[in-house]
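Reading through the C-alpha cells given below for one structure.
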Amino acid sequence: MKMNEFADIHPEVREALASGTPVVALESTIISHGMPYPQNLTTSRNCERLVREQGAVPATTAVINGRIKIGVTPEDLNILAEAKSVAKLSRRDMAAVIANGGNGATTVAAAMMMADMAGIKVFATGGIGGVHRGVEHSWDISADLQELASTPVCVVCAGVKSILDIGKTLEYLETMGVPVLAMGSRNFPAFFTRNSGFKADYAAHEAKDVARLLFVKEKLGLRGGVLVGNPIAEEYAMDEAVIGEAVNRAVQEAEEKGIHGKDSTPFLLQRVVELTGGDSLKSNMELVYSNCRLAAKIAVELAKMKD
Ligand code: PSU
Ligand code: MN
C-alpha cells in the first residue's frame, strides 16, 4: 500500500525519511486496548523517548478523525490513551474507520501497512496476534500473520503471548514464508517469560545481525515481513506457573462468556492484568521498552548499510 490522500506523515518523520535518519514505527492498539489508563499513556510516551535515545525517530501510527497518522502529536496520544471512541483497527477496518471519519488504534497488521506506506522498515510492539488456542472451533487467526506474509516490515516483539497457540502460530508463519529470529539464542520467547519451548528459525546476537538479514531480504526482492522475538529481561520475567494459571483462567472465562473476534485479545489482556494483581502490566511495559530500544538499534544499523 502506497501513500494516499488520507494519510498524514508527521513533519519530523517526513524529514527523517527524506534525510535517511532511521525511523521506527509503533502501534497504538497496545495503548487503547492493550493497557489501562494512565499507564498506557506513560508507556507510549516512554516508547517514543527510548527510540529517540537510540538516534531514531518514532512514528506512532493511528487514525485520528478519519486521517491516517504516521507519527502523532501529544494530543493524539491523549485521545488514544483515553480510548473513549477509538476503534481497534486492523486491515479490514481501515477503509470503514476512515470513511466514517473516526478514530482507530492500529494493530500490528494496520501499523505495518502504515509503516510500509511511508517506507518505514522497522516496527516495535509488545506481542503480535496469532493463532488462538482452540482455533479448530473458533477459526481465530489474527490478521497480523497474514500481514507478516505480505508486507515488508520487520516486527520486533517479545514473542507470542501464551493466550495464543504459540506452536501453531509459528507453523503458520513458516507456511507463509516469514523468517523468524530470536535474540540471543534460538529459543523463541513467550512474552512474559523468556522461553516458549519452541525454536525460532535463526538466532540473532545483535541488532546488526537483524539489519543484515533485512538488507539481504530486500535486495532479493522477497515479499513479506520478518519477525524478531526479543526475550524479556530476566529481572522482569514472570513466574511461569503464576502467569500460566492466569492465562488459562482468562482463556476459560472468555470461552464461558462467548467472547470472540476482535474483542478476544483485549479481553484476555485485561483479565491477565487483573488476575496477576497488576504484576503482568509492569512486565508488559518493560518488555515493550526493550523492544523499542532494539528496534531503534536495528533501524540505525540498517540506515548505515544503505549509505
Ligand atoms: N498482544 C499483546 N498486546 C497487544 C496485542 C497483542 O500482548 O496489545 C494487540 C496488538 O495490537 C495485536 C492485536 O496486533 O492485539 C491482535 O489482535 P487480533 O488478535 O484481534 O488480531
Ligand atoms: Mn482474532
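Atoms within each ligand, like the ligands themselves, are counted from 1 in listed order.
Heavy-atom proximity to Phe191, at under 4.0 Å, picks out these atoms of ligand 1: 7 (O). Contact atoms of ligand 1 toward His132: 19 (O) (distance under 4.0 Å to a heavy atom of the residue). Within the listing of ligand 1, atoms 9 (C), 11 (O) sit less than 4.0 angstrom from a heavy atom of Thr29.
Here the shortest heavy-atom distance to atom 18 (P) of ligand 1, taken over Lys88, Lys262, His33, belongs to Lys88. If you check each of Leu269, Ile30, Thr265, Asn284 against atom 4 (C) of ligand 1, the one with the closest non-hydrogen atom is Leu269.
In this structure, Asp209 contributes its side chain and His205 its backbone to a donor-acceptor pair below 3.5 Å. Judged by distance alone, with hydrogens and angles left aside, the side-chain atoms of Ser32 form a donor-acceptor pair with the main-chain N or O of Leu80 at under 3.5 Å. Judged by distance alone, with hydrogens and angles left aside, the side-chain atoms of Lys88 form no donor-acceptor pair with the main-chain N or O of His33 at under 3.5 Å. Side chain of Thr276 to backbone of Val273: a donor-acceptor contact under 3.5 angstrom is found.
When only interatomic distances are considered, the shortest N/O to N/O separation between Thr106 and ligand 1 does not fall below 3.5 Å. Residue Gly34 has no nitrogen or oxygen atom sitting less than 3.5 Å from a nitrogen or oxygen atom of ligand 1, judged on distance alone.
Put simply, the side chain of Arg91 does not reach to within 4.5 Å of the side chain of Met112, judged on heavy atoms.
Atom-to-atom distance recorded for Leu89:CG and Met114:CE is 5.5 Å, nearest 0.5 angstrom.
For atom 6 (C) of ligand 1, the nearest non-hydrogen atom of the protein is Gly127 O, 3.3 Å. Closest protein heavy atom to atom 10 (C) of ligand 1: Glu27 OE2, 3.5 Å. Of the protein's non-hydrogen atoms, Lys161 NZ, 2.7 Å is the one closest to atom 7 (O) of ligand 1. In this structure, the protein non-hydrogen atom closest to atom 21 (O) of ligand 1 is Ser142 OG, 2.7 Å.
When heavy-atom distances to ligand 1 are checked against a 4.0 Å cut-off, Asp144 comes that close only through its side chain, counted from C-beta outward.
Considering Val122, Ile70, Val51, Ile120 as possible partners of Val23, the one that fulfils the side-chain contact (heavy atoms from CB on, under 4.5 Å) test is Ile120.
Within Asp140, the N, O or S atom at minimum distance from the Mn ion (ligand 2) carries the name OD1.
Using a 4.0 angstrom heavy-atom cutoff, Met35 does not count as in contact with ligand 1.
Side-chain contact check for Glu48 and Thr60: at least one donor-acceptor pair (N or O, by modelled atom type) lies under 3.5 Å.
Under the 4.5 Å side-chain heavy-atom criterion for grouping Ile, Leu, Val, Met, Phe, Trp and Tyr, Met285 is connected to Leu269 within one hydrophobic cluster.
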